[in-house]
Amino acid sequence: MEKIDNLDRKILEIVMRNARIPSKDVATECGVSRAAIHQRIQRMIDLKVITGSGYNVNPKILGYATCTYIGVNLERGSMYRDVVAEMEKIPEIVECHFTTGPYTMLIKLYARDNEHLMRLLNDNIQMIPGVTGTETLISLEQSLNREIPIHYQ
């Protein structure tokens with residue numbers, strides 16, 4: 001991967017605070033042209049430094065009051081990709097990680113309430129071939145939600 005320079009880092013810092021900021025404002029803050037900002041951002045997308053964009057949505061406002069982390073154990077770790085393919089069919093699952101430690105996988109999902117969570121666990125997740133067990137951890141409150149800090153060299 002090519003290195004990113006201090007201008008790239010400054011651009012990242014600005015757009016991470018506000019992804020909807022106009023390019024002209026980023027250009028003004030960085031002291032370069034709007035074209036340079038577009039070019040730099042496109043380069044960082046091509047390098048996969050920037051991997052997405054969009055809006056942050058509050059799940060609670062949409063009726064998903066329960067945020068849950070679930071440790072999942074598989075019959076064999078080699079079943080991971082097949083299990084992920086099945087989990088992709090469950091829209092309430094928003095993250096899935098292949099992990100070390102006590103679980104093969106760690107997933108994050110949102111449920112409307114505890115009854116909905118129980119249905120997702122019993123009727124969906126635990127029915128996936130290869131899943132041998134789950135441990136459910138309900139988040140009581142999210143205290144931090146941020147991106148990795150940008151450091152200048």
Side-chain angles (χ1 to χ4, degrees), residues 1-21 26 29-30 37 39-153:
M1 179 169 129
E2 292 180 38
K3 274 191 130 179
I4 62 172
D5 62 18
N6 279 340
L7 177 57
D8 292 328
R9 291 174 189 280
K10 186 168 187 170
I11 294 167
L12 283 173
E13 184 179 57
I14 294 166
V15 298
M16 285 171 57
R17 277 193 318 259
N18 177 6
R20 292 182 278 178
I21 188 170
V26 178
E29 196 170 332
C30 293
I37 297 301
Q39 196 173 49
R40 293 286 186 129
I41 288 175
Q42 186 57 54
R43 186 174 140 275
M44 287 189 281
I45 290 169
D46 293 343
L47 291 172
K48 298 194 181 346
V49 173
I50 297 174
T51 59
S53 65
Y55 298 100
N56 293 323
V57 177
N58 183 341
K60 289 182 181 179
I61 301 298
L62 298 176
Y64 291 88
T66 304
C67 174
T68 308
Y69 295 87
I70 301 171
V72 179
N73 285 310
L74 302 182
E75 191 177 311
R76 293 182 317 280
S78 61
M79 301 177 87
Y80 174 73
R81 292 197 196 301
D82 294 332
V83 172
V84 169
E86 291 302 311
M87 288 189 177
E88 286 176 341
K89 298 174 185 175
I90 304 169
E92 293 87 350
I93 297 175
V94 296
E95 288 184 28
C96 178
H97 302 267
F98 193 26
T99 62
T100 62
Y103 311 113
T104 311
M105 307 168 71
L106 185 65
I107 62 174
K108 177 181 179 181
L109 67 77
Y110 288 98
R112 289 186 295 279
D113 52 33
N114 287 349
E115 185 178 320
H116 183 214
L117 173 60
M118 189 170 75
R119 282 196 317 275
L120 288 168
L121 281 166
N122 294 338
D123 300 340
N124 297 96
I125 297 166
Q126 293 173 346
M127 299 304 288
I128 296 172
V131 172
T132 59
T134 60
E135 183 173 352
T136 304
L137 306 158
I138 295 175
S139 172
L140 300 175
E141 177 182 310
Q142 181 178 357
S143 302
L144 284 174
N145 182 16
R146 60 184 175 196
E147 295 292 326
I148 195 77
I150 305 298
H151 298 287
Y152 297 94
Q153 298 172 346

Worksheet, complete the sentence: Across all chains, not counting sequence neighbours, the side chain to side chain donor-acceptor pair (under 3.5 Å) partners of Arg9 are none
Worksheet entry | Smallest separation among heavy atoms of Leu7 and Cys30, with atom names | CD1-CB, 3.7 Å
Discussion item. Quick check: closest heavy atoms across Gly130 and Met79, and the distance to 0.1 Å?
Written reply: CA-CE, 3.4 Å
Response to the item:
Rounded to the nearest 0.5 angstrom, the CD1-CD1 distance for Ile50 and Ile11 is 8.5 Å
Worksheet item: Asp82 and Arg76: salt bridge (Lys or Arg N to Asp or Glu O under 4.0 Å), yes or no, with the steps?
Response: CA-CA 11 Å; Asp82 294 332; Arg76 293 182 317 280; over 6 Å; no
Worksheet item: If you measure from OG1 on Thr99 to CD1 on Ile107, what distance do you get to the nearest 0.5 Å?
Response: 11.0 Å
Discussion item. Once ring pair (Phe, Tyr, Trp, His ring centres under 6.0 Å) is applied, do any residues pair with Tyr69, and if so which ones, sequence neighbours excluded?
Written reply: none
Fill in: For Asn58, side-chain contact (heavy atoms from CB on, under 4.5 Å) partners two or more places apart
Lys60, Ile61
Worksheet, complete the sentence: When rounded to the nearest 0.5 Å, the distance separating OG1 of Thr66 from CG of Leu140 is 10.0 Å
Discussion item. Just so I know, are the side chains of Leu117 and Ile138 near enough to count as touching, which here means a heavy-atom distance under 4.5 Å?
Written reply: yes
Worksheet, complete the sentence: Smallest heavy-atom separation, Phe98 atom then Gly77 atom, equals CZ-O, 3.9 Å
Worksheet item: In Å and rounded to the nearest 0.5 Å, what is the CD to CG distance from Gln126 to Leu121?
Response: 5.5 Å
Discussion item. Taking side chain to side chain donor-acceptor pair (under 3.5 Å) as the definition, give me every residue that meets it alongside Tyr64, ordered by chain and number, with sequence neighbours left out.
Written reply: none
Worksheet entry | By side chain to side chain donor-acceptor pair (under 3.5 Å) - contacts of Gln142 (at least two apart) | none
Worksheet item: Pairs in or reaching into residues 114-141: which pass salt bridge (charged side-chain N to carboxylate O under 4.0 Å, His left out), with residues at least two apart or in two chains?
Response: Glu115-Arg119
Discussion item. So, using side chain to side chain donor-acceptor pair (under 3.5 Å) as the criterion, who are the partners of Asn122 when residues are at least two apart?
Written reply: none
Worksheet item: How far apart are the closest heavy atoms of Ile125 and Val131, and which atoms are they?
Response: O-CG2, 3.7 Å
Worksheet entry | Minimum heavy-atom distance Lys3-Arg43, with the two atoms named | O-NH2, 3.2 Å
Practice prompt. Check the pair Leu12, Ile4 against side chain to side chain contact (heavy atoms under 4.5 Å, CB included), reporting the backbone distance first and the verdict last.
Written response: CA-CA 10 Å; Leu12 283 173; Ile4 62 172; 3.9 Å; yes
Practice prompt. Can you see which heavy atom on Pro129 is nearest to which on Val83, and at what distance?
Written response: O-CG2, 3.7 Å
Discussion item. Which residues pass the salt bridge (charged side-chain N to carboxylate O under 4.0 Å, His left out) test with Arg81, not counting sequence neighbours?
Written reply: none
Worksheet item: Got Ile45 and Gln42 here, is their nearest side-chain heavy-atom distance under 4.5 Å?
Response: yes
Atom pairs and distances, side-chain donor-acceptor, residues 87-96, under 3.5 Å, sequence neighbours left out:
from: Lys89; atom 1: NZ; to: Glu86; atom 2: OE1; distance (Å): 3.4
from: Lys89; atom 1: NZ; to: Glu86; atom 2: OE2; distance (Å): 3.0
from: Glu92; atom 1: OE2; to: His116; atom 2: NE2; distance (Å): 3.3
from: Glu95; atom 1: OE1; to: His97; atom 2: NE2; distance (Å): 2.9

Fill in: For Asn18, all residues meeting side-chain contact (heavy atoms from CB on, under 4.5 Å), sequence neighbours excluded
Arg20, Ile21
Practice prompt. Under the salt bridge (charged side-chain N to carboxylate O under 4.0 Å, His left out) rule, collect the residues that match up with Glu75, sequence neighbours excluded.
Written response: none
Discussion item. For a side chain to side chain contact (heavy atoms under 4.5 Å, CB included) check, start with the C-alpha distance between Val57 and Leu62, then their side-chain angles and the critical distance, and finish with the verdict.
Written reply: CA-CA 8 Å; Val57 177; Leu62 298 176; 3.2 Å; yes
Worksheet item: Heavy-atom count around Gln39 CD within 6.0 Å, excluding the residue itself: above 12?
Response: no
Worksheet entry | Value rounded to 0.5 Å, distance of CE in Met105 from OG1 in Thr134 | 12.0 Å
Discussion item. Please enumerate all residues that pass salt bridge (charged side-chain N to carboxylate O under 4.0 Å, His left out) together with Asp113, with sequence neighbours excluded.
Written reply: none
Worksheet item: Taking the side chain from Thr132 and the backbone from Asn73, do they hold a donor-acceptor pair closer than 3.5 Å?
Response: yes
